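What follows is a set of notes on a single structure, which appears directly below.
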4 protein chains.
Amino acid sequence: MADAGPGDAGPGAGPGAARTRRGRPRDAEVDRRILAAAGETIAAHGYAGLSVDAVAERAGVAKTTLYRRWPTKARLVADLVSRMQDEVPLTETGDVVGDLTRLTAGIAGSLTAAGAPLVADLTASMAHDPDFGETMRARWAQWRRAAVELLGRAAERGVLSPGFDPEVVVDQLAGPLYYRLLFTGDPLTAEYAAALVDAALGAHLRPEGPTSHAR
Amino acid sequence: MADAGPGDAGPGAGPGAARTRRGRPRDAEVDRRILAAAGETIAAHGYAGLSVDAVAERAGVAKTTLYRRWPTKARLVADLVSRMQDEVPLTETGDVVGDLTRLTAGIAGSLTAAGAPLVADLTASMAHDPDFGETMRARWAQWRRAAVELLGRAAERGVLSPGFDPEVVVDQLAGPLYYRLLFTGDPLTAEYAAALVDAALGAHLRPEGPTSHAR
Amino acid sequence: MADAGPGDAGPGAGPGAARTRRGRPRDAEVDRRILAAAGETIAAHGYAGLSVDAVAERAGVAKTTLYRRWPTKARLVADLVSRMQDEVPLTETGDVVGDLTRLTAGIAGSLTAAGAPLVADLTASMAHDPDFGETMRARWAQWRRAAVELLGRAAERGVLSPGFDPEVVVDQLAGPLYYRLLFTGDPLTAEYAAALVDAALGAHLRPEGPTSHAR
Amino acid sequence: MADAGPGDAGPGAGPGAARTRRGRPRDAEVDRRILAAAGETIAAHGYAGLSVDAVAERAGVAKTTLYRRWPTKARLVADLVSRMQDEVPLTETGDVVGDLTRLTAGIAGSLTAAGAPLVADLTASMAHDPDFGETMRARWAQWRRAAVELLGRAAERGVLSPGFDPEVVVDQLAGPLYYRLLFTGDPLTAEYAAALVDAALGAHLRPEGPTSHAR
DNA sequence: TTATAAACGAGACGGTACGTCGCGTCTTATT
DNA sequence: AATAAGACGCGACGTACCGTCTCGTTTATAA
């Protein structure tokens, strides 16, 4: 299975084993410079204006060096995006509605920050490169599991009535965000995030919980 | 809104006006051949593997001829996709749950048929090519409006309790489908479609309507 | 068989047949501009400084256009050289020594003008591309035949004693020039050309002809 | 003049001095493996298809190791070629015609064995890479000098009449061989070699020497 | 009937970017 | 020190598509 970051590293990364790889080690600084350059170039000239040559030049790096890490422009972008995604928080305070709203709004924010072109390219890379797709899906699955378990614990505490499918709920929180970003183009506001949570949980919230969540 | 079919028809494509233009008339057969060729090529090599030259050759048509009808590769594809979309039924029988389930399952089916790569590539194209994105979004808006209105009429009939946001409901039906297709890779079954409708409508269904909808 | 100039023209050039080729015809001006640009670039930056991109830019032409005519940088250069070669004169005044000296000096001059890198590249192209090699060899064979016949007529006139191999003589005139250009790097002066003729014909010249030829 | 073998040996490679240098001594085996690998690669893929990386890998040697011995790919090849060249015999029996015929036939044989593509590529490399050209020219000059001196001694012995330019003679022996190989494609037979010697020396041979040399 | 207008096939053209190849230098750890 | 391994900068190569253009050819209406 391929990892998401600068790849092709070959053997190693094995746990425990202090494998000193032979040859000149890769310059970690270079990775950073390239990703930064890519981000800046996108910010400056938009996604369409993103050429590998430009990124390499801006990073002060040879194109070859870039291609040694990412086999494709698409993969570079995918990596860039996935790093942004990792910053979404998943806190658990006991207030289900609050937690989920925070989470949903967090996703919304990071999606907005990344921008549709990047996310779209990410999906394309995942669809075309099975290895990469697997890697990314695994990452998401992890996140998903956490969210599902959060809902499960809430149900156990009696905050939510039983008989609902937590996976469907999660999908109905995250799905619309991606849908809007990629297909309708509507803005992903905090209000929208709240509305999603409201609609997804409304039927299952016990009286003691507030039906409407103002934010 | 962008026009749907082969465009650039010039003045007065109106049906009533028997405006017989001078010169050789366009060959309607050509339109069909091009769309067919595009469809086959996309099916065979995915969206990314779709080149205008290839389509033209496969259709046995000169590139000029193709560009006379669609100003851009993106527009051609948009046209193609929208024709597929038109096949998803939006029937209104009075049974909201049934109608929506049919609709959702229809989308699920057509997404599954299209396949993740195609849809993913589509999002990428939309994101990279603003023109194309606009065109496609317009198509979706149209479909969306119809679905929203259907929900509105159900509310007026009293089948649904007021105080829900129809747009959110629609997003929570369609969104998860795209989300699963592109990101989690889970299958889009009819059961899943039913579960989505159930969860999205559950809180708002009036007693006389069945809360649970089997299959 | 491939012709030496801008190729890939496909059918046509057939004798007599007024084949009107379909599609937009190639712009002959472009051929000229590219060859000129190549020549100038070589003159300006030396052979090592000759890049296809530079030539294309200087010619005000897209790289694609260049590659449509010459499949390779090497072939472009080869073509360039072979055109220079065509300008060597083969006159017949009756004075064998004079004619051959003129011819030899002519070759020497055109080789010097072309320069070792170009000629060397020509040989490489000929060696690698059999088709092209054949074409060029045929061209040379034609020239060679003319020279051999000139010697034959001189022998018939009694200016040269019989019993010599005209082909060997021709080789001993042309061969050393190429040899010096490509391998030793010695200059190809008019004196050297004269010395070659002297040495090659010396044994066969009849008394009435001058043994030594001053030029 | 450039050095012949693996260079950069540092101070005092003199045989007498028992200078045991500190550190690990160079592995002589490595030299052999590299040269062998280079030779095989050239034989297999031609000169143009010879990459330093490929040679190093084939020799089971690090590129660094290779570059420690030869500063440049060109120098490596030069070394390799010069070793082949050393096999062409330059014997001096007193029979000028015989010696030269043997020599000329020897060159013809080794050229035929090398093949036009290799020699052509060699000329191209010499022309493009001044460094390399200089190195190779130096080697040829050495060989040339020997041949010229052989002729000089023959003249001193009175076997050849004075008043001929030995350099021109040498050129008229070697030149036509290269010329035929690279440009006309005619075969380089022993008969042809003999004819060349005959024609080049014919005018200058004293009566006591045989004018015609059979086979 | 003959002009005229447009569609059509074919392919050249300018442009932009891509991903690859090879050279020679460098930086590590190992022998 | 020499060696193995491999990262790195650099420069060029040849390719792929896009959308535009310029031809010659065909097919319909209009004069």
Side-chain angles (χ1 to χ4, degrees), chain A residues 9-10 20-27 30 48-54 56-57 60-74, chain B residues 10 20-27 30 48-54 56-57 60-74 129, chain C residues 8-10 20-27 30 48-54 56-57 60-74, chain D residues 10 21-27 30 48-54 56-57 60-74 129:
Chain A
T20 2
R21 288 211 294 279
R22 321 235 316 196
R24 176 175 176 178
R26 289 209 183 150
D27 187 344
V30 163
L50 179 73
S51 79
V52 174
D53 292 77
E57 186 176 7
V61 148
K63 233 199 326 182
T64 337
T65 300
L66 192 157
Y67 274 106
R68 194 173 294 113
R69 287 139 209 268
W70 295 276
T72 274
K73 173 180 159 181
Chain B
T20 20
R21 287 208 304 274
R22 308 213 338 180
R24 177 174 174 177
R26 287 205 185 155
D27 187 345
V30 163
L50 179 74
S51 79
V52 174
D53 292 75
E57 186 177 8
V61 146
K63 245 200 316 181
T64 333
T65 302
L66 191 156
Y67 274 105
R68 194 173 294 113
R69 286 140 212 267
W70 294 275
T72 272
K73 170 181 160 181
D129 181 342
Chain C
D8 277 34
T20 359
R21 289 210 294 279
R22 322 231 318 194
R24 176 175 174 177
R26 290 212 182 148
D27 187 345
V30 163
L50 180 73
S51 78
V52 174
D53 292 76
E57 185 175 9
V61 148
K63 233 198 328 180
T64 337
T65 300
L66 192 157
Y67 274 106
R68 194 173 295 112
R69 286 139 208 269
W70 295 275
T72 273
K73 173 179 159 183
Chain D
R21 288 209 301 275
R22 308 208 341 180
R24 175 172 173 179
R26 286 205 187 158
D27 186 347
V30 163
L50 178 75
S51 80
V52 174
D53 292 76
E57 186 177 8
V61 146
K63 245 200 316 181
T64 332
T65 304
L66 192 156
Y67 273 105
R68 194 172 294 112
R69 286 139 211 267
W70 294 275
T72 273
K73 170 182 161 181
D129 180 343

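Side chains are part of it too, since the values below use all heavy atoms of this structure and drop only hydrogens, waters and symmetry mates. Order of the sequence lines sets the chain letters (A, B, ...), proteins ahead of strands, with each chain counted from 1. A quick note: this is a predicted structure, and the numbers were derived from the prediction, not measured.
Of the side-chain N and O atoms in C/Thr65, none sit less than 4.0 angstrom from OP1 or OP2 of E/dA12. Residue C/Arg26 has no polar side-chain atom (N or O) positioned under 4.0 Å from OP1 or OP2 of E/dG11.
Distance CG (C/Asp27) to C1' (F/dC23): 12 Å, rounded to an integer number of Å. Distance A/Arg68 CZ to F/dG6 C1': 8 Å, rounded to the nearest Å.
Annotation: salt bridge (charged side-chain N to carboxylate O under 4.0 Å, His left out) contacts of D/Asp53 (sequence neighbours excluded): D/Lys63. Qualifying side chain to side chain contact (heavy atoms under 4.5 Å, CB included) partners for C/Ala62, counting only residues two or more places apart in sequence or in other chains: C/Thr64, C/Thr65. When the side chain to side chain contact (heavy atoms under 4.5 Å, CB included) test is applied to A/Ala48, no partner is found at least two apart in sequence or on another chain. With sequence neighbours left out, the salt bridge (charged side-chain N to carboxylate O under 4.0 Å, His left out) criterion links C/Lys73 to no other residue.
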Worksheet item: With the sugar-phosphate defined as primed atoms, P, OP1 and OP2, and the base as all remaining atoms, what B/S/- string results for nucleotides 17-24 of chain E, 5' to 3', for protein heavy atoms under 4.0 Å?
Response: SSBB-BSB
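For C/Arg22, taking side-chain heavy atoms from C-beta onward, the closest of the listed nucleotides E/dT4, E/dG9, E/dG15 is E/dG9.
Closest approach of A/Leu66 and A/Val61 over heavy atoms only: N-CG1, 4.2 Å. Residues D/Val30 and D/Arg69 come closest through the heavy atom pair CG1-CZ, 3.6 Å.
For B/Pro25 and C/Leu66, each mapped to the nucleotide of DNA chain E holding its nearest heavy atom, the one lying further toward the 5' end belongs to B/Pro25.
Side-chain atoms of D/Arg24 stay outside donor-acceptor range of the base of F/dT3, with no qualifying N/O pair under 3.5 Å.
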